[in-house]
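So the structure is just underneath, and the comments pick up after that.
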2 protein chains.
Amino acid sequence: MNIGSAARRSGLPPKTIRYYEDIGLLRADRAANGYRDYSDEDVHRLRFVQRARSLGFSVEECRQLLSLYSDRDRASADVKAIATEKLGEIDRKIAELTGLREMLGHLVETCHGDARPDCPIIDGLSGTTTSH
Amino acid sequence: MNIGSAARRSGLPPKTIRYYEDIGLLRADRAANGYRDYSDEDVHRLRFVQRARSLGFSVEECRQLLSLYSDRDRASADVKAIATEKLGEIDRKIAELTGLREMLGHLVETCHGDARPDCPIIDGLSGTTTSH
DNA sequence: TCTTGAGCTTCCAGTGGCTGGAACCCCTAT
DNA sequence: ATAGGGGTTCCAGCCACTGGAAGCTCAAGA
(Lines give C-alpha, C1' and ligand atoms only; values in the text may rest on other atoms or scores of the structure.)
Protein backbone atom coordinates (compact mmCIF):
# COMPACT_ATOMS: atom_id res chain seq x y z
CA MET A 1 0.00 0.00 0.00
CA ASN A 2 1.03 3.62 -0.48
CA ILE A 3 2.32 5.89 2.22
CA GLY A 4 -1.04 7.63 2.62
CA SER A 5 -2.83 4.42 3.56
CA ALA A 6 -0.02 3.39 5.84
CA ALA A 7 -0.26 6.82 7.47
CA ARG A 8 -4.00 6.48 8.03
CA ARG A 9 -3.62 2.99 9.45
CA SER A 10 -0.69 3.76 11.69
CA GLY A 11 -1.75 7.16 12.93
CA LEU A 12 1.50 8.76 11.79
CA PRO A 13 1.62 11.58 9.20
CA PRO A 14 3.31 10.70 5.90
CA LYS A 15 5.98 13.28 6.60
CA THR A 16 6.86 11.56 9.82
CA ILE A 17 6.99 8.15 8.18
CA ARG A 18 9.39 9.49 5.55
CA TYR A 19 11.41 11.08 8.31
CA TYR A 20 11.62 7.75 10.14
CA GLU A 21 12.88 6.14 6.97
CA ASP A 22 15.36 8.97 6.54
CA ILE A 23 16.90 8.33 9.92
CA GLY A 24 16.91 4.61 9.30
CA LEU A 25 14.23 3.68 11.80
CA LEU A 26 11.89 1.93 9.37
CA ARG A 27 12.55 1.25 5.73
CA ALA A 28 9.97 0.43 3.07
CA ASP A 29 9.98 -1.36 -0.24
CA ARG A 30 9.52 0.62 -3.41
CA ALA A 31 6.94 -0.05 -6.08
CA ALA A 32 7.84 0.11 -9.78
CA ASN A 33 6.78 3.76 -9.95
CA GLY A 34 9.11 4.73 -7.12
CA TYR A 35 6.35 5.00 -4.53
CA ARG A 36 6.99 3.54 -1.11
CA ASP A 37 5.16 0.26 -0.66
CA TYR A 38 4.02 -0.84 2.79
CA SER A 39 3.01 -4.32 3.89
CA ASP A 40 0.68 -5.04 6.80
CA GLU A 41 3.74 -5.94 8.84
CA ASP A 42 5.25 -2.53 8.02
CA VAL A 43 2.09 -0.85 9.22
CA HIS A 44 2.26 -2.93 12.34
CA ARG A 45 5.76 -1.65 13.00
CA LEU A 46 4.70 1.92 12.29
CA ARG A 47 1.87 1.64 14.77
CA PHE A 48 4.28 0.10 17.25
CA VAL A 49 6.50 3.15 16.95
CA GLN A 50 3.51 5.46 17.11
CA ARG A 51 2.41 3.89 20.39
CA ALA A 52 5.89 3.89 21.85
CA ARG A 53 6.37 7.56 20.94
CA SER A 54 3.04 8.48 22.46
CA LEU A 55 4.13 6.72 25.64
CA GLY A 56 7.10 9.04 25.80
CA PHE A 57 9.84 6.85 24.34
CA SER A 58 12.41 8.74 22.31
CA VAL A 59 13.07 7.80 18.72
CA GLU A 60 16.31 6.14 19.79
CA GLU A 61 14.46 4.11 22.37
CA CYS A 62 11.96 3.16 19.69
CA ARG A 63 14.88 1.88 17.66
CA GLN A 64 15.91 -0.35 20.55
CA LEU A 65 12.34 -1.47 21.19
CA LEU A 66 11.88 -2.25 17.52
CA SER A 67 14.93 -4.46 17.49
CA LEU A 68 13.70 -6.19 20.62
CA TYR A 69 10.32 -6.44 18.99
CA SER A 70 11.82 -8.15 15.97
CA ASP A 71 14.03 -10.43 18.03
CA ARG A 72 11.88 -13.44 18.83
CA ASP A 73 14.40 -14.66 21.39
CA ARG A 74 14.92 -11.49 23.37
CA ALA A 75 14.60 -11.65 27.13
CA SER A 76 11.59 -9.77 28.46
CA ALA A 77 13.98 -8.37 31.07
CA ASP A 78 15.68 -6.33 28.35
CA VAL A 79 12.42 -4.69 27.42
CA LYS A 80 11.43 -4.22 31.02
CA ALA A 81 14.72 -2.45 31.73
CA ILE A 82 14.04 0.17 29.08
CA ALA A 83 10.45 0.61 30.15
CA THR A 84 11.38 0.88 33.81
CA GLU A 85 13.99 3.50 33.06
CA LYS A 86 11.38 5.43 31.12
CA LEU A 87 8.96 5.08 33.98
CA GLY A 88 11.51 6.70 36.25
CA GLU A 89 11.89 9.57 33.83
CA ILE A 90 8.16 10.06 33.69
CA ASP A 91 7.99 10.06 37.47
CA ARG A 92 10.75 12.63 37.66
CA LYS A 93 8.96 14.83 35.15
CA ILE A 94 5.69 14.54 37.04
CA ALA A 95 7.43 15.45 40.27
CA GLU A 96 9.10 18.44 38.66
CA LEU A 97 5.89 19.65 37.11
CA THR A 98 4.05 19.18 40.36
CA GLY A 99 6.62 21.34 42.07
CA LEU A 100 6.22 24.01 39.43
CA ARG A 101 2.48 23.78 39.68
CA GLU A 102 2.63 24.36 43.39
CA MET A 103 4.94 27.33 43.14
CA LEU A 104 3.12 28.99 40.28
CA GLY A 105 -0.25 28.13 41.79
CA HIS A 106 0.77 29.86 44.97
CA LEU A 107 1.82 32.97 43.07
CA VAL A 108 -1.42 33.02 41.12
CA GLU A 109 -3.48 32.57 44.27
CA THR A 110 -1.88 35.47 46.05
CA CYS A 111 -2.26 37.80 43.07
CA HIS A 112 -5.48 39.75 43.35
CA GLY A 113 -5.60 40.13 39.58
CA ASP A 114 -7.18 43.53 39.26
CA ALA A 115 -6.24 46.85 37.66
CA ARG A 116 -3.68 47.76 40.29
CA PRO A 117 -0.01 47.29 39.39
CA ASP A 118 0.99 45.51 42.56
CA CYS A 119 1.58 41.89 41.58
CA PRO A 120 2.97 39.02 43.65
CA ILE A 121 3.68 37.00 40.54
CA ILE A 122 6.07 39.58 39.17
CA ASP A 123 7.52 40.04 42.63
CA GLY A 124 8.01 36.31 42.96
CA LEU A 125 9.76 36.10 39.63
CA SER A 126 11.95 39.10 40.26
CA GLY A 127 13.05 37.65 43.56
CA THR A 128 12.17 40.66 45.73
CA THR A 129 10.09 38.36 47.89
CA THR A 130 11.71 35.50 49.75
CA SER A 131 10.54 32.30 48.15
CA HIS A 132 9.73 29.54 50.61
CA MET B 1 30.29 43.71 34.90
CA ASN B 2 31.28 41.14 32.27
CA ILE B 3 29.08 38.41 30.97
CA GLY B 4 30.76 35.77 33.15
CA SER B 5 29.84 37.56 36.38
CA ALA B 6 26.34 38.23 35.12
CA ALA B 7 26.09 34.55 34.30
CA ARG B 8 27.18 33.48 37.75
CA ARG B 9 24.80 35.91 39.41
CA SER B 10 21.80 35.10 37.26
CA GLY B 11 22.23 31.37 37.02
CA LEU B 12 22.21 31.47 33.23
CA PRO B 13 25.16 30.26 31.11
CA PRO B 14 26.94 32.97 29.10
CA LYS B 15 25.91 31.24 25.89
CA THR B 16 22.29 31.50 26.88
CA ILE B 17 22.62 35.15 27.78
CA ARG B 18 24.15 35.88 24.38
CA TYR B 19 21.37 33.89 22.79
CA TYR B 20 18.77 35.94 24.63
CA GLU B 21 20.42 39.08 23.34
CA ASP B 22 20.48 37.59 19.85
CA ILE B 23 16.74 37.07 19.83
CA GLY B 24 16.18 40.52 21.30
CA LEU B 25 15.01 39.42 24.71
CA LEU B 26 17.59 41.31 26.75
CA ARG B 27 20.19 43.67 25.42
CA ALA B 28 23.35 44.83 27.19
CA ASP B 29 25.60 47.84 27.00
CA ARG B 30 29.06 47.45 25.57
CA ALA B 31 32.27 48.46 27.27
CA ALA B 32 35.03 50.26 25.36
CA ASN B 33 36.72 46.95 24.56
CA GLY B 34 33.57 45.54 23.00
CA TYR B 35 32.72 43.34 25.96
CA ARG B 36 29.10 43.22 27.10
CA ASP B 37 28.59 45.27 30.21
CA TYR B 38 25.86 44.33 32.70
CA SER B 39 24.38 46.48 35.41
CA ASP B 40 22.75 45.13 38.56
CA GLU B 41 19.42 45.87 36.99
CA ASP B 42 20.41 43.80 33.95
CA VAL B 43 21.31 40.92 36.23
CA HIS B 44 17.98 41.33 37.93
CA ARG B 45 16.23 40.97 34.61
CA LEU B 46 18.34 37.96 33.71
CA ARG B 47 17.45 36.27 36.95
CA PHE B 48 13.83 37.17 36.33
CA VAL B 49 13.98 35.35 33.02
CA GLN B 50 15.87 32.46 34.57
CA ARG B 51 13.12 32.00 37.15
CA ALA B 52 10.32 32.36 34.65
CA ARG B 53 11.95 29.79 32.32
CA SER B 54 12.42 27.37 35.19
CA LEU B 55 8.74 27.78 36.01
CA GLY B 56 7.95 26.60 32.51
CA PHE B 57 7.31 29.90 30.74
CA SER B 58 8.42 29.93 27.12
CA VAL B 59 10.87 32.53 25.93
CA GLU B 60 8.03 34.40 24.24
CA GLU B 61 6.10 34.43 27.48
CA CYS B 62 9.21 35.70 29.20
CA ARG B 63 9.22 38.54 26.71
CA GLN B 64 5.68 39.44 27.72
CA LEU B 65 6.43 39.06 31.41
CA LEU B 66 9.50 41.23 31.05
CA SER B 67 7.52 44.00 29.45
CA LEU B 68 4.92 43.70 32.19
CA TYR B 69 7.75 43.67 34.68
CA SER B 70 9.13 46.90 33.27
CA ASP B 71 5.74 48.56 33.05
CA ARG B 72 5.19 50.11 36.44
CA ASP B 73 1.55 50.80 35.65
CA ARG B 74 0.49 47.40 34.34
CA ALA B 75 -2.53 45.74 35.84
CA SER B 76 -1.77 42.69 37.91
CA ALA B 77 -4.65 41.03 36.06
CA ASP B 78 -2.53 40.99 32.90
CA VAL B 79 0.20 39.08 34.65
CA LYS B 80 -2.27 36.80 36.33
CA ALA B 81 -3.84 35.93 32.99
CA ILE B 82 -0.53 34.69 31.58
CA ALA B 83 0.32 32.79 34.73
CA THR B 84 -3.12 31.20 34.92
CA GLU B 85 -2.90 30.09 31.32
CA LYS B 86 0.49 28.56 32.08
CA LEU B 87 -0.94 26.88 35.13
CA GLY B 88 -3.53 25.23 32.93
CA GLU B 89 -0.83 24.00 30.59
CA ILE B 90 1.12 22.56 33.48
CA ASP B 91 -1.99 20.82 34.74
CA ARG B 92 -2.64 19.37 31.32
CA LYS B 93 0.93 18.12 31.08
CA ILE B 94 0.72 16.55 34.51
CA ALA B 95 -2.52 14.84 33.58
CA GLU B 96 -1.02 13.55 30.36
CA LEU B 97 2.10 12.28 32.06
CA THR B 98 0.03 10.67 34.78
CA GLY B 99 -1.95 8.84 32.13
CA LEU B 100 1.26 7.66 30.48
CA ARG B 101 2.67 6.64 33.82
CA GLU B 102 -0.36 4.54 34.53
CA MET B 103 -0.33 2.82 31.18
CA LEU B 104 3.40 2.16 31.12
CA GLY B 105 3.38 1.24 34.80
CA HIS B 106 0.75 -1.35 34.10
CA LEU B 107 2.80 -2.83 31.28
CA VAL B 108 5.92 -2.94 33.41
CA GLU B 109 4.05 -4.55 36.27
CA THR B 110 2.67 -7.34 34.16
CA CYS B 111 6.04 -8.09 32.56
CA HIS B 112 7.82 -10.79 34.51
CA GLY B 113 11.18 -9.47 33.31
CA ASP B 114 13.17 -12.65 33.04
CA ALA B 115 15.07 -14.46 30.29
CA ARG B 116 11.95 -15.66 28.51
CA PRO B 117 10.92 -13.83 25.36
CA ASP B 118 7.25 -13.46 26.26
CA CYS B 119 6.75 -9.78 27.07
CA PRO B 120 3.53 -7.88 27.78
CA ILE B 121 5.27 -4.56 27.15
CA ILE B 122 6.11 -5.47 23.57
CA ASP B 123 2.66 -6.98 23.17
CA GLY B 124 1.06 -3.83 24.52
CA LEU B 125 3.03 -1.64 22.14
CA SER B 126 2.38 -3.84 19.16
CA GLY B 127 -1.34 -3.78 19.83
CA THR B 128 -1.87 -7.53 19.90
CA THR B 129 -3.43 -7.15 23.30
CA THR B 130 -6.59 -5.14 23.78
CA SER B 131 -5.73 -1.99 25.66
CA HIS B 132 -8.31 -1.04 28.26
C1' DT C 1 -7.77 12.19 -25.32
C1' DC C 2 -7.01 15.75 -22.45
C1' DT C 3 -7.23 17.72 -18.18
C1' DT C 4 -7.74 18.08 -13.47
C1' DG C 5 -6.66 17.02 -8.93
C1' DA C 6 -4.93 14.12 -5.48
C1' DG C 7 -1.14 11.86 -4.01
C1' DC C 8 3.57 10.69 -4.41
C1' DT C 9 8.72 11.98 -4.88
C1' DT C 10 12.93 14.78 -3.34
C1' DC C 11 15.15 18.49 -1.19
C1' DC C 12 15.72 22.61 1.58
C1' DA C 13 14.55 25.40 5.47
C1' DG C 14 12.54 26.41 9.85
C1' DT C 15 10.77 25.41 14.63
C1' DG C 16 12.52 26.12 20.20
C1' DG C 17 16.00 26.82 23.12
C1' DC C 18 19.85 26.30 23.50
C1' DT C 19 24.91 24.17 23.12
C1' DG C 20 29.52 23.04 21.14
C1' DG C 21 33.30 24.42 18.65
C1' DA C 22 36.44 27.22 15.80
C1' DA C 23 39.00 31.26 15.23
C1' DC C 24 40.12 35.27 16.98
C1' DC C 25 40.72 39.38 20.45
C1' DC C 26 41.73 41.26 25.23
C1' DC C 27 43.58 41.55 29.81
C1' DT C 28 46.23 40.21 33.75
C1' DA C 29 49.91 37.77 36.03
C1' DT C 30 54.27 35.80 35.89
C1' DA D 1 57.30 37.40 26.32
C1' DT D 2 53.98 34.28 27.22
C1' DA D 3 50.40 31.67 29.19
C1' DG D 4 45.91 31.48 30.82
C1' DG D 5 41.37 32.66 31.20
C1' DG D 6 38.32 35.69 29.97
C1' DG D 7 35.66 37.79 26.03
C1' DT D 8 33.93 38.22 20.78
C1' DT D 9 31.70 36.39 16.37
C1' DC D 10 29.75 32.95 13.49
C1' DC D 11 28.46 28.39 12.00
C1' DA D 12 26.62 23.88 12.98
C1' DG D 13 24.06 20.57 15.50
C1' DC D 14 20.66 18.74 18.78
C1' DC D 15 15.44 16.50 18.74
C1' DA D 16 11.51 15.28 16.21
C1' DC D 17 9.35 16.80 13.24
C1' DT D 18 6.78 20.22 9.85
C1' DG D 19 6.08 23.35 5.86
C1' DG D 20 6.76 24.36 1.30
C1' DA D 21 8.51 24.19 -3.51
C1' DA D 22 9.11 21.75 -7.74
C1' DG D 23 8.21 17.95 -10.19
C1' DC D 24 6.39 13.11 -11.04
C1' DT D 25 2.34 9.52 -11.35
C1' DC D 26 -2.14 7.93 -11.44
C1' DA D 27 -7.27 7.51 -11.66
C1' DA D 28 -11.47 9.72 -12.93
C1' DG D 29 -14.34 12.83 -15.52
C1' DA D 30 -15.55 16.03 -19.82
Side-chain angles (χ1 to χ4, degrees), chain A residues 1-39 42-43 45-66 86 89-90 93 96-97 100, chain B residues 1-39 42-43 45-66 86 89-90 93 96-97 100:
Chain A
M1 83 195 66
N2 285 346
I3 198 170
S5 314
R8 252 166 279 125
R9 293 205 208 173
S10 66
L12 288 168
K15 277 259 174 192
T16 301
I17 298 178
R18 287 192 201 100
Y19 169 72
Y20 286 164
E21 185 172 329
D22 228 48
I23 61 172
L25 187 63
L26 290 157
R27 66 208 77 250
D29 285 345
R30 293 295 177 131
N33 58 8
Y35 286 17
R36 287 173 183 78
D37 187 24
Y38 295 87
S39 67
D42 290 331
V43 171
R45 253 185 269 271
L46 285 168
R47 203 164 45 220
F48 179 92
V49 171
Q50 191 276 320
R51 292 222 176 93
R53 290 286 300 124
S54 77
L55 275 176
F57 290 95
S58 73
V59 167
E60 282 319 299
E61 284 160 341
C62 288
R63 207 188 289 275
Q64 286 180 61
L65 287 171
L66 267 179
K86 183 52 58 177
E89 277 172 43
I90 292 176
K93 267 188 208 158
E96 192 194 355
L97 279 176
L100 291 190
Chain B
M1 85 194 66
N2 285 346
I3 199 170
S5 314
R8 253 165 280 128
R9 294 205 208 173
S10 65
L12 289 167
K15 277 257 173 192
T16 301
I17 298 178
R18 289 193 199 99
Y19 169 71
Y20 286 164
E21 185 172 328
D22 228 48
I23 61 172
L25 187 64
L26 290 157
R27 65 208 72 251
D29 286 344
R30 293 295 178 132
N33 59 7
Y35 285 19
R36 287 174 183 79
D37 187 25
Y38 296 87
S39 67
D42 290 332
V43 171
R45 252 185 268 271
L46 285 168
R47 203 164 45 219
F48 180 92
V49 171
Q50 191 275 320
R51 293 223 176 93
R53 290 286 299 125
S54 78
L55 276 175
F57 290 95
S58 72
V59 166
E60 281 320 300
E61 284 160 341
C62 287
R63 210 188 287 274
Q64 287 180 61
L65 287 170
L66 266 178
K86 184 51 58 178
E89 276 173 43
I90 292 176
K93 267 187 208 159
E96 192 193 356
L97 279 176
L100 291 189

Quiz item: Are E96(B) and K93(B) ion-paired here, with the side-chain N under 4.0 Å from a carboxylate O?
Solution: no
Quiz item: Who are the side-chain contact (heavy atoms from CB on, under 4.5 Å) partners of R63(B), not counting sequence neighbours?
Solution: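 With sequence neighbours excluded, R63(B) shows a side-chain contact (heavy atoms from CB on, under 4.5 Å) to I23(B), L25(B), E60(B), given in chain and number order.
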Practice problem: Apply the side chain to side chain contact (heavy atoms under 4.5 Å, CB included) test between L12(B) and each candidate in L46(B), I3(B), V43(B); give the one that qualifies. | Solution: L46(B)
Quiz prompt | By ring-ring contact (aromatic ring centres under 6.0 Å, His included) - contacts of Y35(A) (at least two apart) | solution =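 Y35(A): no ring-ring contact (aromatic ring centres under 6.0 Å, His included) contacts found.
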Quiz prompt | Set of salt bridge (charged side-chain N to carboxylate O under 4.0 Å, His left out) partners for E21(A), sequence neighbours left out | solution =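 Salt bridge (charged side-chain N to carboxylate O under 4.0 Å, His left out) check on E21(A) returns R30(A), R36(A).
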Quiz prompt | Reading 5' to 3' through nucleotides 4-17 of chain C, protein heavy-atom contacts under 4.0 Å coded B for base, S for sugar-phosphate only, - for none | solution = ---BSBBB-----B
Quiz item: Does S39(A) have any side-chain hydrogen bond (donor to acceptor under 3.5 Å, both in side chains) partners at least two apart in sequence or in another chain, and if so, which?
Solution: D42(A)
Quiz item: Looking at CD of E89(A) and CG of L100(B), how far apart are the two atoms once the value is rounded to the nearest 0.5 Å?
Solution: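 These two atoms lie 12.0 Å from each other.
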Self-check item: Start and end of chain A contact along DNA chain D [non-hydrogen atoms, under 4.0 Å]
Solution: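 Going 5' to 3' along DNA chain D, contacts run dA16(D) to dC26(D).
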